[in-house]
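For the single chain, residues carry numbers from 1 onward in sequence order.
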Amino acid sequence: MDKKHIEQLASSKTAGLATRNAESTQQQIDSIMDDDSFYSGSLPAEVLRRVNALRNLQLEHHNIEANFFEEVHTLECRYLIKYQQLYEKRCNIIKGIYEPTDTEAKCAFDGEDNDEETTKPAEDEKKGDKVVGIPEFWSLVLKNSDVISELIKEQDDEILKHLVDIRLKMQDETKQKGFTIEFEFTPNEYFTNTILTKSYELRMGLDEHDPLQYEGPEIVKSIGCQIQWNKGKNVTVKTIKKKQKHKNRGTVRVVTKEVQTDSFFNFFSPPNVPEGSDAGGEDTDEVRMLAADFEMGHLLRDSIIPKAVLYYTGEVDDGDDENYDAEEDNDEGDGDDDDQDEDDKEDHETHSSHHHHHASGGKHGSGGKTRRKKQPGAGGSDQLPECQQQ
């Protein structure tokens, strides 16, 4: 079996790698539990025995499949070492550390027109303004993702201009399998971290409480990091004013407080996985937030990091997958809240900021959204770990 065949097989098998969609999983369970004929004894006893034997065979099939996925994960870890050589060279080109040769800058598959463009001196170069590397490369990559662009708010733009690399690390220990995504930033006025991390823990085997519902590996936990914000620069919170009326005197005062607001950087403060709860069988805000967070991890790992330049140029996007349901975004109100109801509404909208894209069994995507041609660029756990410093 050649490498291409293995990768195609792995890709097709890991298409359901994201957390199982809460709604579809619940439907599957309901369809079994609602089938009274199966459990009420309408089947002859000898037929029921045979059906149970088939269910045991299905369990054996799932166990074999789980072993397959473990081998696929190990294979992915092995090939990541080979990919890293390309990623490091890509990083050096983006940062301006390495200048491609004429041969490396020639894309034979584009034809002669592209060759003429790459050899033609730019207007800025004629004026003596030398451009270093590829400015704002990763910022545009993220904005050209239909899924991630919805999380990026106006206050995030300036920070993302300092993003110079996104890289992947994978864990393949016996007791811990998963992956970590690292975001590297140049020094900036917003926070002191140079690297922000997001880690995902995978469960490769069957859920002991629900083994017959196995659909492949799934993310069971995500861990963000603490962002060391400089004073007054935290873009994940905003200050609001609220009028309070004294019950007895009738006097009114204005108080200010900080509340969480929508921001891409909420990605590094993921929701906690409820311990011992059947999250897959509930359709709650928390479950949708977890599913969206997990799906983001898969999108970054499986598509954005390996295909970054194609996102930058607009040659691909994540709008091909139709596994996402379109959801309406709620407009935020103004900064002044007159009563507690408005405060509660604000908090609910904030915590729902990651709900827009949740897993539906596919790797990633934003079904229901209008596809648009991208423009090339010009220019939880109890305690979050400290983000790395370089």
Side-chain angles (χ1 to χ4, degrees), residues 91 94-96 132-145 147-167 180-199 222-242 254-272 289 292-293 296-297 300 304 329-337 342-343 346-354 356 377 379-390:
C91 179
I94 292 170
K95 291 180 177 180
V132 177
I134 307 178
E136 301 179 28
F137 176 87
W138 284 103
S139 175
L140 191 64
V141 167
L142 296 180
K143 290 177 182 178
N144 276 357
S145 161
V147 174
I148 295 180
S149 64
E150 290 201 4
L151 303 181
I152 298 174
K153 306 304 175 185
E154 183 178 356
Q155 70 269 24
D156 300 324
D157 285 340
E158 287 301 316
I159 308 179
L160 290 176
K161 290 179 181 179
H162 294 275
L163 179 61
V164 291
D165 195 22
I166 303 178
R167 49 185 174 262
T180 297
I181 301 170
E182 295 184 348
F183 297 73
E184 182 184 348
F185 292 83
T186 56
N188 60 81
E189 62 181 292
Y190 295 92
F191 46 72
T192 59
N193 314 86
T194 55
I195 295 179
L196 304 182
T197 61
K198 186 69 172 288
S199 299
S222 65
I223 302 173
C225 66
Q226 289 183 337
I227 302 178
Q228 304 298 326
W229 295 102
N230 290 325
K231 186 176 181 180
K233 296 296 184 178
N234 188 346
V235 297
T236 66
V237 297
K238 67 178 180 180
T239 301
I240 62 171
K241 295 179 180 180
K242 179 184 174 184
V254 178
V255 296
T256 60
K257 70 173 184 176
E258 286 188 343
V259 296
Q260 190 177 10
T261 189
D262 292 345
S263 167
F264 168 77
F265 291 91
N266 288 325
F267 175 67
F268 299 99
S269 301
N272 291 321
M289 289 173 69
D293 179 70
M296 280 271 291
L300 286 161
I304 290 179
D329 291 333
N330 293 326
D331 292 332
E332 292 186 5
D334 55 35
D336 294 334
D337 294 323
E342 287 299 316
D343 255 7
E346 174 93 36
D347 291 342
H348 175 74
E349 289 177 355
T350 297
H351 291 301
S352 301
S353 63
H354 295 293
H356 304 310
S381 59
D382 294 332
Q383 179 66 38
L384 296 178
E386 294 289 338
C387 292
Q388 302 175 28
Q389 299 282 355
Q390 282 192 335

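A donor-acceptor contact shorter than 3.5 Å is absent between the side chain of D156 and the backbone of S263. At distances below 3.5 Å, not a single donor-acceptor pair connects side-chain atoms of K238 with backbone N or O atoms of V235. Of the possible polar contacts, one joining the N266 side chain to the T261 backbone as a donor-acceptor pair under 3.5 Å is found.
Evaluation of the side-chain contact (heavy atoms from CB on, under 4.5 Å) rule for K161 yields E136, E158 as partners, not counting sequence neighbours.
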Steps toward side-chain contact (heavy atoms from CB on, under 4.5 Å) verdict (I240, K257): CA-CA 6 Å; I240 62 171; K257 70 173 184 176; 4.0 Å; yes

Residues T236, W229; criterion side-chain contact (heavy atoms from CB on, under 4.5 Å); working and verdict: CA-CA 10 Å; T236 66; W229 295 102; 4.0 Å; yes

Candidate pair L142 and I166, rule side-chain contact (heavy atoms from CB on, under 4.5 Å), full reasoning: CA-CA 10 Å; L142 296 180; I166 303 178; 4.0 Å; yes

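When every heavy atom of I94 is checked against every heavy atom of V164, the shortest pair comes out as CG2-O, 4.2 Å. Of all the heavy atoms in N188 and Y190, the pair that sits closest is OD1-N, 2.9 Å.
Atom CZ of F137 is separated from atom CG of D165 by 9.5 Å, given to the nearest 0.5 angstrom. Here the OG atom belonging to S145 is positioned 8.5 Å from the CG atom belonging to L151, to the nearest 0.5 angstrom. Distance CD1/I152 to CG/D262: 12.5 Å, rounded to 0.5 Å. Note: Q155 CD to L160 CG = 10.0 Å, rounded to the nearest 0.5 Å. Remark: C225 SG to F267 CZ distance equals 10.0 Å, nearest 0.5 Å. Within the model, atoms CD of Q228 and CG of N234 stand 11.0 Å from one another, a figure rounded to the nearest 0.5 Å.
Side chains of I159 and F264 form no contact here, defined as non-hydrogen atoms less than 4.5 Å apart.
For the pairing with F183, the ring-ring contact (aromatic ring centres under 6.0 Å, His included) check across W138, F191, F265, F268 returns one residue only, F268. The only member of I227, L163, I181 that meets side chain to side chain contact (heavy atoms under 4.5 Å, CB included) when paired with L196 is I227.
One finds a salt bridge joining D293 and K198 here, because a Lys/Arg side-chain nitrogen approaches an Asp/Glu carboxylate oxygen to under 4.0 Å.
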